[in-house]
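Heads up, the thing below is written out as structure tokens.
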Amino acid sequence: MADVTDAAFRRIVAKYGKSTRPEDWRGGPDVLWTEFVACDGLMSVGREHLMHNLSYTEEERPIVAQVFGAHPENFEKTARFIRELGFDGIDINMGCPERNIQKQGAGASLIKTPKLAQEIILATMKGAGDMPVSVKTRIGYNKNELETWLPALLETKPAAITLHARTKKEMSDVPARWEHIARAVEIRNELKSDTLIIGNGDIKTLEEGRQKAKETGCDGIMIGRGIFGNPWLFSDRKEEPTREEKFKVLLEHTYLFEEFFQGTKNFAIMKKHYKAYVEGFPGAKELRIKLMEAENGREVERIILSFTR
Ligand SMILES: Cc1cc2nc3c(=O)[nH]c(=O)nc-3n(C[C@H](O)[C@H](O)[C@H](O)COP(=O)(O)O)c2cc1C
């Protein structure tokens with residue numbers, strides 16, 4: 001997620017999302033994705049200004065780089081580059097509804113140009129070599145187009161397709177329609193394809209995700225907004241995090257963000273996280289308001305300390 005799942009937050013999710021159950025030897029999310037990065041930008045002289053979006057730490061593996069664009073030749077070169085950077089996979093964004101992304105013919109706009117979408121996947125595969133290539137998309141542009149859009153994608157044999165169970169037109173304004181994920185699995189099976197289908201949309205707990213996977217037969221679940229302020233989500237722990245735990249993680253997250261991104265990313269990005277962490281206890285609203293004024297980690301720590309004193 002752009003301006004959310006940067007390396008600092010992913011490291012927090014990888015650490016606090018570890019399972020608390022001894023029988024679950026691995027725990028945590030099975031795979032993490034980067035924020036999306038522009039292929040055209042990566043293949044231009046402006047590359048160095050984008051590289052902070054592709055930083056990652058070993059704790060986050062398996063880690064997949066997500067990219068967007070509309071020029072197959074740049075996808076091929078980007079895939080080669082992403083592979084050299086040591087990523088475990090490359091994911092192509094074909095679902096973003098933002099106007100400035102669509103204006104480039106990228107993101108959800110590619111649902112309207114399936115031939116170009118196919119060319120892009122094939123070019124990415126050429127550059128990726130043995131690194132898996134996947135696609136993240138929606139069920140259609142203005143209406144449900146699974147019956148044509150999904151077979152077009154499957155024809156190119158990507159390793160996985162993550163389906164956000166809404167059309168582009170629906171943005172995130174209606175509840176995700178998981179019955180379409182079940183249909184996507186059927187289409188995949190009818191076509192005897194090996195591509196994994198990952199369902200996405202509105203999942204807030206592991207339990208809910210497992211239930212949806214069972215109901216639809218999909219191979220995996222992607223969780224986006226559910227991890228906001230809740231890096232414990234993947235840990236299966238039953239008890240709610242205490243206020244003190246939230247403060248500890250908020251500060252750790254803040255200092256990691258500064259360590260990784262000082263001078264490259266705007267500190268204001270952290271404010272979204274503060275809104276999510278600081279919730280559900282007396283005085284939370286007043287504390288949130290104070291945190292919105294903070295400009296660095298030291299100020300955040302001072303505000304939290306004076307709140308708890
Ligand atoms: C702030 C924000 C940033 C997002 N950035 C991306 C992105 O960079 N790439 C992407 O594929 N989806 C992005 N999404 C969409 C999510 O991945 C996901 O498809 C959507 O939020 C629905 O799933 P959820 O209900 O689990 O969040 C973003 C969503 C939000 C709210």
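Order of appearance sets the numbers: ligands from 1, and atoms from 1 within every ligand. Counting begins at 1 with the first residue of the sequence. On a predicted model such as this, the values are computed, not experimentally measured, just so you know.
At the shortest separation from atom 9 (N) of ligand 1 among protein heavy atoms lies Gln66 OE1, 2.7 Å. For atom 23 (O) of ligand 1, the closest non-hydrogen atom of the protein is Asn200 ND2, 3.0 Å. Ranking protein heavy atoms by distance to atom 6 (C) of ligand 1, first place goes to Met1 CA, 3.5 Å. Taking atom 26 (O) of ligand 1 as the reference point, the nearest protein heavy-atom neighbour is Gly224 N, 2.8 Å. What sits closest to atom 1 (C) of ligand 1 on the protein, heavy atoms only, is Val4 CG2, 3.9 Å. Scanning the protein for heavy atoms near atom 5 (N) of ligand 1, the closest one is Ala2 N, 2.8 Å.
For Phe9 and His273, the gap between ring centers is short of 6.0 Å.
Annotation: side-chain hydrogen bond (donor to acceptor under 3.5 Å, both in side chains) contacts involving residues 103-132, sequence neighbours excluded, comprise Arg83-Asp130.
Inspection of the Asn200 and Thr162 side chains reveals no N or O donor paired with an N or O acceptor under 3.5 Å.
Under a 4.0 Å heavy-atom criterion, Gly201 is in contact with ligand 1.
A cation-pi arrangement is present between Arg47 and Phe81 under the rule of less than 6.0 angstrom and at most 45 degrees off the ring axis.
Considering Lys212, His164, Arg166 in turn, Arg166 is the only one that fulfils the side chain to side chain donor-acceptor pair (under 3.5 Å) rule with Asp202.
In the vicinity of Asp202, heavy-atom distances shorter than 4.0 Å reach the ligand 1 atoms 24 (P), 25 (O), 26 (O).
With sequence neighbours excluded, the residues forming a side-chain contact (heavy atoms from CB on, under 4.5 Å) with Asn74 are Cys39, Asp40, Met43, His71, Lys77, listed by chain and number.
Contacts between Asn93 and ligand 1 below 4.0 angstrom, taking non-hydrogen atoms only, involve the side chain exclusively. The side chain of His164, and not its backbone, has at least one atom closer than 4.0 Å to an atom of ligand 1 (non-hydrogen atoms only; side chain from C-beta on).
The option with the heavy atom closest to atom 12 (N) of ligand 1, from among Met94, Arg225, Lys136, Glu98, is Lys136.
Taking the six-membered ring for Trp and thresholds of 30 and 60 degrees, Phe68 and Phe36 have ring planes inclined between 30 and 60 degrees apart.
Look at Lys248 and Glu244 and you find no salt bridge, because none of the NZ, NE, NH1 or NH2 atoms lies under 4.0 Å from a carboxylate O.
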